[in-house]
S.K.: 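Structure in structure tokens, see below.
Every value quoted in this text rests on a predicted model; they were computed, and no experiment measured them. Per chain, numbering begins at 1; letters A, B, ... match sequence-line order. Values below: every heavy atom of this structure, side chains too, minus hydrogens, waters and symmetry copies.
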2 protein chains.
Amino acid sequence: MLSFRYTVPMNAPRPARVKTARERARAELTAEILAAARRQLRESGAGDLSLRSVARELGMASSAVYRYFASRDELLTALIVQAYTEIGEAAEHADRPGNAPGERWLAVWRAVRDWSVANRHEYALIFGTPIPGYIAPHITIEVAGRMPLTLARIAADARRAGALAPPPGPVCPPEAITPEMLVLLEGDEFTPDETARLILAWNRLVGIIGYELHGHLANVTADDALFFDHTARTEGAHLGLAFD
Amino acid sequence: MLSFRYTVPMNAPRPARVKTARERARAELTAEILAAARRQLRESGAGDLSLRSVARELGMASSAVYRYFASRDELLTALIVQAYTEIGEAAEHADRPGNAPGERWLAVWRAVRDWSVANRHEYALIFGTPIPGYIAPHITIEVAGRMPLTLARIAADARRAGALAPPPGPVCPPEAITPEMLVLLEGDEFTPDETARLILAWNRLVGIIGYELHGHLANVTADDALFFDHTARTEGAHLGLAFD
DNA sequence: CCGAAACGAGAGCACCGCTCTTGCATTACT
DNA sequence: AGTAATGCAAGAGCGGTGCTCTCGTTTCGG
């Protein structure tokens with residue numbers, strides 16, 4: 001399942017000539033299919049995305065699309081990778097390492113929210129209900145880390161500057177956290193409790209946006225942007241960052 | 001849309017006789033259809049649930065099902081109401097008003113998690129990605145409140161007992177919260193900031209369970225139950241409850 | 001230059017939600 | 001009690017889906 005069976009193998013022997021005409025055409029068509037799928041995802045959501053309709057939009061037979069994506073799931077996987085990449089880049093580009101940790105934190109949170117409200121179906125694709133029977137390929141788990149790692153870097157910088165002062169509260173038992181999670185950033189080791197606070201912050205960022213996008217805050221919050229900023233500050237303060 | 005068009009109107013004039021044979025048969029078959037749909041939801045998720053397959057399971061023509069549920073959306077709505085009711089009852093039944101607030105809080109959180117892991121597809125149905133094109137009918141918004149209201153009651157009781165002491169942190173601006181949210185429980189008025197903390201706790205409960213169920217904690221937490229308990233305590237402490 | 005590989009199109013299979021018609025059983029009304 | 005209205009189950013059918021297979025064509029590499 002999810003075999004990418006028609007795609008070029010990673011370790012195929014490369015010919016002397018860089019690209020044959022066929023390879024160029026293939027790469028172009030693959031990109032066009034992905035673009036059409038993204039277009040349909042944007043306006044109708046993942047549920048309404050069909051291989052046949054993107055084939056129609058591109059004026060080709062539906063069976064021809066299977067030369068480029070072995071299944072609908074594979075097409076969705078490509079869109080998932082795209083979404084993870086974009087939200088990761090949004091976070092990274094919003095971060096200004098020179099600024100104060102609190103400012104950086106708020107800027108990154110806002111950037112992630114902005115991307116999410118502008119790409120709600122893409123957000124749902126990566127943070128909503130998993131597609132039934134769908135198992136995330138290995139490719140996704142790497143790119144999925146870019147956004148939370150941006151948050152971790154801010155905390156690490158604050159920590160190195162002696163500006164990370166988590167307020168008192170229940171202490172997370174170390175055995176609750178995976179060992180490899182404790183070496184999240186090379187050279188900046190967090191305590192298990194700090195790591196737990198980071199995980200919770202990441203979970204909060206995704207969760208509060210989901211609540212907003214999925215309508216759970218409909219009659220609850222009067223000003224979503226204001227409440228989001230408050231949430232960002234609350235979570236940042238819980239991690240030990242200073243604001244204002 | 002979602003008109004329940006074949007169902008008996010609420011305010012129809014009731015005949016002298018309580019139930020005709022036809023009405024009994026109708027009620028029974030409706031329940032059977034719902035049960036079959038729930039069965040299929042349990043094992044395959046909402047995406048794979050089809051009216052035709054429940055019809056097959058019940059040995060009837062697919063068109064006959066439409067006499068009882070006007071559409072697939074309507075069948076899903078019934079399942080959503082069922083799920084909201086069950087998670088609300090799980091929370092309510094786990095609450096022991098005589099116990100200390102911290103104990104009550106933890107018990108309710110655990111009950112909600114237990115129900116969710118035992119009914120992951122039902123959880124996804126109410127807290128996951130909304131069905132495309134689907135708008136929650138009015139019926140759902142009332143029953144959806146039972147679970148969060150259980151949390152609010154614990155906070156209200158603690159507050160009345162003078163045992164609600166929220167730790168310092170960013171204060172939520174009052175205009176971020178809807179006015180009707182501030183009179184959440186009659187007679188127990190929370191401050192806007194307390195209300196915000198309650199909203200965040202509710203969001204956390206749903207969000208952390210979603211992370212666990214959807215695999216986002218896969219290589220992150222080593223002991224999900226332990227981390228969940230820590231999360232419950234953290235969120236309870238942030239609300240101002242005392243633990244241990 | 002020629003065989004192998006890649007490709008596009010079409011037909012086809014099994015499924016889906018939903019509608020409409022038809023014939024029968026039950027109910028309600030006179 | 002007879003009749004008209006209603007409820008109901010079944011079947012055919014429409015347009016859609018993912019996916020497979022075949023077949024003729026094009027392109028590439030040895």
Side-chain angles (χ1 to χ4, degrees), chain A residues 1-9 12-30 32-33 37 40 44-77 131-134, chain B residues 1-9 12-30 32-33 37 40 44-77 131-134:
Chain A
M1 189 195 288
L2 297 172
S3 52
F4 278 93
R5 79 166 101 129
Y6 284 113
T7 53
V8 179
R14 307 299 305 168
R17 207 148 36 86
V18 190
K19 258 186 180 174
T20 82
R22 200 169 239 173
E23 280 173 332
R24 270 195 296 110
R26 178 177 188 84
E28 261 181 43
L29 234 183
T30 305
E32 268 185 58
I33 292 172
Q40 297 197 3
S44 314
D48 287 4
L49 193 158
S50 79
L51 262 167
R52 290 180 112 110
S53 67
V54 320
R56 259 195 309 274
E57 181 173 330
L58 265 48
M60 53 161 84
S62 69
S63 58
V65 180
Y66 284 85
R67 299 262 179 215
Y68 301 86
F69 294 92
S71 67
R72 196 189 105 112
D73 273 5
E74 197 170 285
L75 185 54
L76 280 180
T77 297
I131 311 293
Y134 176 87
Chain B
M1 192 197 288
L2 297 173
S3 53
F4 279 93
R5 81 166 102 128
Y6 284 112
T7 53
V8 178
R14 309 298 307 166
R17 207 147 37 86
V18 189
K19 257 187 183 177
T20 83
R22 201 169 239 174
E23 279 173 331
R24 269 194 299 110
R26 176 177 190 84
E28 262 181 43
L29 235 184
T30 305
E32 269 184 58
I33 292 172
Q40 298 197 1
S44 313
D48 287 4
L49 194 157
S50 78
L51 263 168
R52 290 180 113 110
S53 66
V54 319
R56 259 195 310 273
E57 181 174 330
L58 266 48
M60 53 161 82
S62 67
S63 58
V65 181
Y66 283 86
R67 298 255 175 218
Y68 301 86
F69 294 91
S71 67
R72 195 188 104 112
D73 272 5
E74 198 170 285
L75 185 54
L76 279 179
T77 298
I131 312 292
Y134 175 85

S.K.: Between atom CG in B:Leu75 and atom C1' in C:dC18, what is the gap in whole Å?
M.R.: 14 Å

S.K.: Closest heavy-atom contact between B:Arg26 and B:Arg67?
M.R.: NH2-O, 2.8 Å

S.K.: Can you tell which of D:dG13, D:dA9, D:dT17 lies closest to the side chain of B:Tyr68?
M.R.: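 Looking only at side-chain atoms, B:Tyr68 lies closest to D:dA9.
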
S.K.: Would you check if B:Tyr66 and B:Leu51 make a side-chain contact, meaning some heavy-atom pair closer than 4.5 Å?
M.R.: yes

S.K.: Could you state the atom-to-atom distance from CZ of B:Phe69 to C1' of D:dG7 in whole Å?
M.R.: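 Taking atom C1' of D:dG7 as the reference, CZ of B:Phe69 is at 17 Å.
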
S.K.: Heavy atoms only: give me the nearest B:Ala55-B:Ser62 pair and the separation to one decimal.
M.R.: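 Nearest heavy atoms, B:Ala55 then B:Ser62: CB-CA, 3.6 Å.
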
S.K.: Rounded to whole Å, please give me the gap between CD in A:Gln40 and C1' in D:dG16.
M.R.: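 Rounding to the nearest Å, CD of A:Gln40 and C1' of D:dG16 are 14 Å apart.
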
S.K.: In whole angstrom, what separates A:Arg56's CZ from C:dG10's C1'?
M.R.: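 Result: 15 Å.
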
S.K.: Atom CZ of A:Arg26 and atom P of C:dA5: how far apart are they, to the nearest Å?
M.R.: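 That distance rounds to 15 Å.
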
S.K.: Among C:dG8, C:dG12, D:dA10, find the nucleotide with the atom closest to the side chain of A:Leu29.
M.R.: C:dG8

S.K.: Kindly calculate the angle separating the two end axes of the helix from C:dC1-D:dG30 to C:dT30-D:dA1, each obtained from five base pairs, and round it to 10 degrees.
M.R.: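 For the helix from C:dC1-D:dG30 to C:dT30-D:dA1, the axes at either end differ by 0°.
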
S.K.: Enter the distance from A:Leu76:CG to A:Glu74:CD here, rounded to the nearest 0.5 Å.
M.R.: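 Answer for the CG-CD pair, A:Leu76 versus A:Glu74, is 10.5 Å.
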
S.K.: Closest heavy-atom contact between A:Arg72 and A:Ala46?
M.R.: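 So the minimum-distance heavy-atom pair works out to NH1-O, 3.4 Å.
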
S.K.: D:dT20 C1' sits how many Å from A:Glu74 CD, rounded?
M.R.: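 For the pair A:Glu74 CD and D:dT20 C1', the rounded distance is 16 Å.
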
S.K.: How many whole angstroms separate atom CG of B:Asp48 from atom P of C:dG17?
M.R.: 11 Å

S.K.: What is the separation between atom CG on A:Leu58 and atom P on C:dG8, rounded to the nearest whole Å?
M.R.: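 Answer to the nearest Å: 11 Å.
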
S.K.: Between D:dC19, D:dG11, D:dG13, which nucleotide has the shortest distance from any of its atoms to the side chain of B:Ser63?
M.R.: D:dG11

S.K.: Considering only side-chain heavy atoms of A:Tyr66, which listed nucleotide, D:dG16, D:dG18, C:dG17, is closest?
M.R.: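 Closest nucleotide among those given: D:dG18.
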
S.K.: Quick one: which of D:dT17, C:dC16, C:dC18 gets closest to the side chain of B:Arg72?
M.R.: C:dC18

S.K.: Under 4.0 Å, counting only non-hydrogen atoms across every strand here, what does B:Leu49 touch: a base, just sugar-phosphate, or nothing?
M.R.: sugar-phosphate

S.K.: Kindly give the heavy-atom pair with the smallest separation between B:Val54 and B:Ala37, and that separation in Å.
M.R.: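 Looking at all heavy atoms of both residues, the shortest contact is CG1-CA, 4.1 Å.
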
S.K.: Does the side chain of B:Leu29 come within less than 4.5 Å of B:Met60's, by heavy atoms?
M.R.: yes

S.K.: Between the protein and nucleotides 21-26 of chain C, which nitrogen or oxygen pairs come in under 3.5 angstrom?
M.R.:
unit_1 : atom_1 : unit_2  : atom_2 : d
C:dT26 : O4'    : B:Arg22 : NH2    : 3.3

S.K.: Side chain of B:Leu51: nearest nucleotide among C:dG17, C:dC16, C:dA9?
M.R.: C:dG17

S.K.: Does some side-chain heavy atom of B:Leu75 sit less than 4.5 Å from a side-chain heavy atom of B:Leu49?
M.R.: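 Yes, their side chains come closer than 4.5 Å.
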
S.K.: Return whichever of B:Ser62 or A:Arg52 has its heavy-atom-nearest nucleotide of DNA chain C closer to the 5' end.
M.R.: A:Arg52

S.K.: I want to verify a distance call: between D:dT17, D:dC19, C:dC18, whose nearest atom is closest to the B:Ser71 side chain?
M.R.: C:dC18

